[in-house]
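Read through the structure below, which is laid out as structure tokens, and then see the notes.
Being a predicted model, the structure only gives us computed values, none of them experimental.
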Amino acid sequence: MFARIRNRLTLRYALVMMLLMMAFIIVSSAGLLWILYQEERQDLRSFAAEEAREQAGIYKEKKSFFQLPAKETEDTDHGAKIFYYVFDPNQQLAAAEEPPPAIRSGVLRFIHNWDAADGEVELKKFRLADGDRAVVILCGMKIYDGSEMVGTVFVGEDISAYYHMLKMLLLMMVVISVIFLTIAAFAGHLLAGKAMIPIKQAFFRQREFVADASHELRTPLSVLQLSVEAVQNDNDQKLSSFSIQVLDDMNSEIRRMTKLVTDLLTLARADVGATNIIKEKFDLAAVAETLIRSLQPLAVVKAVNLERRGEETLPIMADCERISQLLLILLDNAIKYSPAGGKVDILLTRAATPKPAITIAVSDTGEGIAENDRQLIFERFYRVDKARSREEGGTGLGLAIAKWIVDVHGGKIRVESTPGKGSSFIVTLPG
């Protein structure tokens, strides 16, 4: 149980750390990209305005555009990172400082399809022939001679290197985050284990107390019950009707307390693993038939019809005593909570697929169990109807013991119920 809780705490801690790291990576990457884009956008717009002014001056003097000297950003090996194209009003190329050949066709395609506003800067991405991704930013600005538009200049910058650098940075951040998350999860697992040490100690002390107290209470309760029964059976004593009633009440309460102590001791021993399960091969149908005969007087008193259906013989490899206890708990509950004239049915079947399994279904025609209660009905001391459970002598531990018996046998137990019509407790055990 504690290992499962520790693993859950570690998992939740790791998930929170992962979400924080993802948020950090996304925000950092987006912020860095936005800052880079804004700076490059401002620089490119300024450069486009300067280029437009220079080309306008040249056109005013010579009535034509002119190839300007290469800018300081020129890279003699790979071409200029900042480039420009000047087109006349007829969209004919008049002057240019072209980008590297690898991205030239892609840039021209964007320019020919340009529909952005004057002076607007746009980010463009496209694939190169070798499969790499190219990233450029472009700005288009019209050239005016007075009020006459005489051409358009397109200025661009190849920022593929920045893009790949950001991509590598993002990859490095992800790898570092994974390493950091692994270390943090391992540290969280250790810290969760240390934090649970006092909880485990308190839990174990509580379980030991319950086991010791239950064990110590059995003897005085047995003495009390024997004493009461001895007084009741002593014919020489002339007891009043009131005294007889008091002794009967005492005997009933002692029996109830004895059952409660026995159930507590069973669960306490189960918690510490002190209850051994001894598996043997026996006939489950025969055991069920014996239990039904022993419970028949109770069913007659309650005016409940008790019936068994299913296999005539049903061999099973399990702990006979614990399986008998399981059947007794389920049948006893079904009889107690069925109305007069009701019916309790136990069905025993064997399934061969997908895995060999034995199914025990105990059904009643009682009031049923609400959906909210079905989730908690196997918890210790939980009662659907507390007042009625006490009247029937219930302790709220029977179904918790039943679930433990099923669990230690590697099976499953579930409840199906329709309020007002009845309930069915279905147990599946390995066959």
How close do Lys279 and His409 get, heavy atom to heavy atom, and via which atoms?
CE-CD2, 4.2 Å
With the threshold set at 4.0 Å, does a side-chain nitrogen-carboxylate oxygen contact exist between Arg414 and Glu416?
yes
Indicate the atoms forming the closest heavy-atom contact of Leu166 with Leu32, along with that distance.
CD2-CD2, 3.3 Å
Are Glu98 and Tyr85 close enough, and set up right, to give a side-chain hydrogen bond (donor to acceptor under 3.5 Å, both in side chains), and what steps lead you there?
CA-CA 7 Å; Glu98 295 195 283; Tyr85 287 93; 2.9 Å; yes
Passes ring-ring contact (aromatic ring centres under 6.0 Å, His included), Phe126 versus Phe110? Steps please.
CA-CA 10 Å; Phe126 56 93; Phe110 286 124; 5.6 Å; yes
Quick one about Gln325 and Arg322 (side-chain donor to acceptor, distance below 3.5 Å, no hydrogens or angles considered), yes or no?
yes
Can you tell whether the side chains of Lys124 and Glu122 come within less than 4.0 Å, N to carboxylate O?
yes
Could you tell me whether Asp364 and Lys343 make a salt bridge, using a distance below 4.0 angstrom between a side-chain N and a carboxylate O?
no
Check side-chain hydrogen bond (donor to acceptor under 3.5 Å, both in side chains) between Asp332 and all other residues, then give those that pass, not counting sequence neighbours.
Lys336
Please check: side-chain N/O of Asp158 versus main-chain N/O of Val136, any donor-acceptor pairing under 3.5 Å?
no
Non-neighbouring partners of Asp407 that pass salt bridge (charged side-chain N to carboxylate O under 4.0 Å, His left out), sequence neighbours left out
Lys403
Quick test of your reading of the model: are Arg350 and Glu311 salt-bridged, counting only N-O distances below 4.0 Å?
no
